[in-house]
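Working notes, structure below.
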Amino acid sequence: MLIKISPMITTDLLIIGAGPTGLFAVFEAGLLKIKCHLIDALPQPGGQLAELYPKKPIFDIPGFPSVNAGELVDNLMEQIKQFEPGFTLAETAVSLTKIDDEWFEVVTNKGTVHRAKAVAIAGGLGTFEPRKPDHLENLAQFEEKGVEYFVKDPEHFRGKTVVIAGGGDSALDWSIFLADVAKSVTLIHRRNEFRGALDSVEKVQKLKNEGKINLITPAEVVALKGDEHLRAIVVSADGEEKEIETDYLIPLFGLTPKLGELANWGLEIEKNAIKVNNALDYQTNIEGVYAIGDINTYPGKLKLILCGFHEGTLMCQSVYNRLNPGKKYVLKYTTVSGIDGFDGTRKEAEKAVVKKID
């Protein structure tokens with residue numbers, strides 16, 4: 001009889017979630033000589049950015065007026081390559097056990113065992129699915145036949161007529177981006193006010209004035225028409241119904257997050273998110289277990305990538321203290337200290353500083 005032995009992976013910091021927040025945390029941990037390993041349910045790093053909208057432009061990353069989601073993931077992967085993190089991909093973390101005062105054990109759905117001295121949960125929205133307009137009776141009939149919930153490749157819509165429904169950032173951003181790709185773009189929202197960034201709202205209004213976007217508010221898509229493929233939608237506005245021919249309908253009403261197995265780990269949960277101590281280090285109610293990025297919650301929380309970067313940075317400082325009790329860490333700026341083992345950057349930077357002082 002053969003006994004299957006599950007593989008064992010040991011590391012300093014185990015990061016559950018290989019989205020942008022998790023990837024940047026690897027960089028910050030690397031600066032502190034903390035070895036990292038990441039687990040992700042997707043077959044490639046990048047989280048939602050890689051899986052759902054790799055071509056979506058992102059406008060609020062410092063230093064980048066605009067960067068495609070996929071490009072941001074590629075840059076983060078290049079940034080952490082020097083620290084040689086490990087990856088367990090296409091597997092889901094299903095259990096978390098505290099073995100002793102020093103070690104945690106995390107097992108995946110495929111039996112892979114991970115042991116680490118600290119755990120950071122960076123699972124984004126957890127498992128997720130799009131919020132669908134359930135009032136459309138034949139919606140399922142046209143899914144992937146004209147109804148798309150994500151824009152993975154904008155070129156798919158080049159020269160096509162597109163209707164986008166929604167009033168948040170995704171609906172606004174894709175309306176702006178596809179205005180230069182699609183034959184025509186119509187944005188429909190059930191209110192006159194939008195929930196997205198003010199700058200995006202102003203851009204949509206400008207494109208409407210230029211005739212590059214059709215804006216219909218307040219209005220709602222009430223029916224779909226077609227045979228093998230979507231042919232038209234019916235819109236209700238001001239008590240009247242109007243049929244609009246279109247090749248695609250993209251309902252963008254957000255994602256429904258689900259914590260999955262994480263909800264059974266003894267973590268303190270509030271509104272489907274993990275509560276953390278944001279006044280200190282983003283630690284959960286379990287000492288040594290942290291939550292960073294969109295999956296956590298605290299007073300004033302903003303679900304932005306740059307906020308996840310900030311949270312991951314402070315989390316790594318706390319992990320360093322946990323791994324090195326009593327050892328004082330002196331913060332050094334990378335512009336001066338460089339990064340050890342990376343093309344001699346540290347030595348060159350030190351030479352420059354000495355020369356400047358002389």
Side-chain angles (χ1 to χ4, degrees), residues 47-49 51-61 66-70 124-125 128-136 139 142-144 146-158 160-224 230 232-238 242 244-257 294 302-305:
Q48 293 181 51
L49 300 191
E51 180 69 8
L52 302 184
Y53 34 73
K55 300 295 184 180
K56 180 181 178 180
I58 301 174
F59 303 104
D60 57 0
I61 302 299
S66 175
V67 59
N68 284 350
L125 295 174
F128 46 82
E129 58 184 38
R131 291 192 178 98
K132 300 181 180 182
D134 295 332
H135 64 281
L136 299 175
L139 181 67
F142 295 109
E143 289 179 339
E144 298 184 2
V147 173
E148 304 286 344
Y149 298 107
F150 306 108
V151 181
K152 291 188 177 182
D153 184 2
E155 287 300 313
H156 183 70
F157 303 95
R158 183 167 292 280
K160 305 294 184 180
T161 55
V162 176
V163 172
I164 295 175
D169 285 314
S170 290
L172 293 167
D173 290 347
W174 279 124
S175 296
I176 295 167
F177 189 89
L178 292 178
D180 292 326
V181 176
K183 179 180 179 181
S184 70
V185 173
T186 299
L187 175 59
I188 298 173
H189 184 40
R190 54 191 170 186
R191 299 185 182 89
N192 288 321
E193 300 78 22
F194 289 87
R195 302 185 309 277
L198 179 60
D199 180 66
S200 297
V201 175
E202 292 175 348
K203 287 180 179 178
V204 166
Q205 184 62 50
K206 183 174 183 292
L207 290 170
K208 173 185 177 292
N209 295 339
E210 295 173 352
K212 295 182 178 180
I213 287 180
N214 303 312
L215 184 61
I216 306 177
T217 63
E220 186 176 22
V221 179
V222 295
L224 307 179
L230 181 68
I233 62 167
V234 178
V235 178
S236 175
D238 296 325
K242 176 183 178 181
I244 299 176
E245 293 188 0
T246 188
D247 297 310
Y248 291 96
L249 169 66
I250 309 176
L252 296 174
F253 300 126
L255 302 172
T256 301
D294 287 354
L302 294 176
K303 293 183 181 293
L304 296 172
I305 293 176

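Atom set for the values below is all heavy atoms of this structure, side chains included, hydrogens, waters and symmetry mates excluded.
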Not counting sequence neighbours, list each pair that qualifies as a salt bridge (Lys or Arg N to Asp or Glu O under 4.0 Å) and has a residue in residues 180-199. D199-K203
Return yes when atom CG of D238 has more than 12 non-hydrogen atoms of other residues, nucleotides or ligands closer than 6.0 Å, and no otherwise. no
Using a cut-off of 6.0 Å, state whether more than 12 heavy atoms not belonging to E245 lie near its atom CD. no
[X]: partners by side-chain hydrogen bond (donor to acceptor under 3.5 Å, both in side chains), with sequence neighbours left out:
X    : result
E144 : none
K242 : none
D134 : none
N214 : T186

If you look at every heavy atom in [X] and [Y], which pair is closest and at what distance?
X    : Y    : value
I244 : I216 : CD1-CD1, 3.7 Å
D60  : L304 : OD2-CD2, 3.5 Å
V201 : G196 : CG2-O, 4.2 Å
L230 : G146 : CD2-O, 3.7 Å
T161 : S184 : CG2-OG, 3.4 Å
L252 : Y149 : CD2-O, 3.5 Å

Interatomic spacing from [atom1] in [X] to [atom2] in [Y] - rounded to 0.5 Å:
X    : Y    : atom1 : atom2 : value
E220 : I233 : CD    : CD1   : 11.0 Å
L136 : L224 : CG    : CG    : 4.5 Å
K208 : I213 : NZ    : CD1   : 10.5 Å
L215 : I164 : CG    : CD1   : 11.5 Å
H156 : Y248 : NE2   : OH    : 3.0 Å

Does anything in residues 179-203 form a ring-ring contact (aromatic ring centres under 6.0 Å, His included)? List the pairs, not counting sequence neighbours. H189-F194
Excluding sequence neighbours, so at least two apart, what forms side chain to side chain contact (heavy atoms under 4.5 Å, CB included) with [X]?
X    : value
N192 : T217, P218
K206 : E210
L198 : E202
S236 : V222, E241

What side-chain donor-acceptor pairs closer than 3.5 Å can you find for residues 165-178, not counting sequence neighbours?
unit_1 : atom_1 : unit_2 : atom_2 : d
D169   : OD1    : A197   : N      : 2.8
S170   : OG     : K56    : NZ     : 3.2
D173   : OD1    : S200   : OG     : 3.4
S175   : OG     : A171   : O      : 2.7

Report yes or no: does D153 contribute a side-chain atom to a donor-acceptor pair with the main-chain N or O of E155 at less than 3.5 Å? yes
So does L207 get a backbone contact from the side chain of K212, meaning a donor-acceptor N/O pair under 3.5 Å? no
Is there a side-chain contact between V163 and V235 in this structure, where contact means two heavy atoms from C-beta onward sitting under 4.5 Å apart? no
Check ring pair (Phe, Tyr, Trp, His ring centres under 6.0 Å) between F142 and all other residues, then give those that pass, not counting sequence neighbours. none
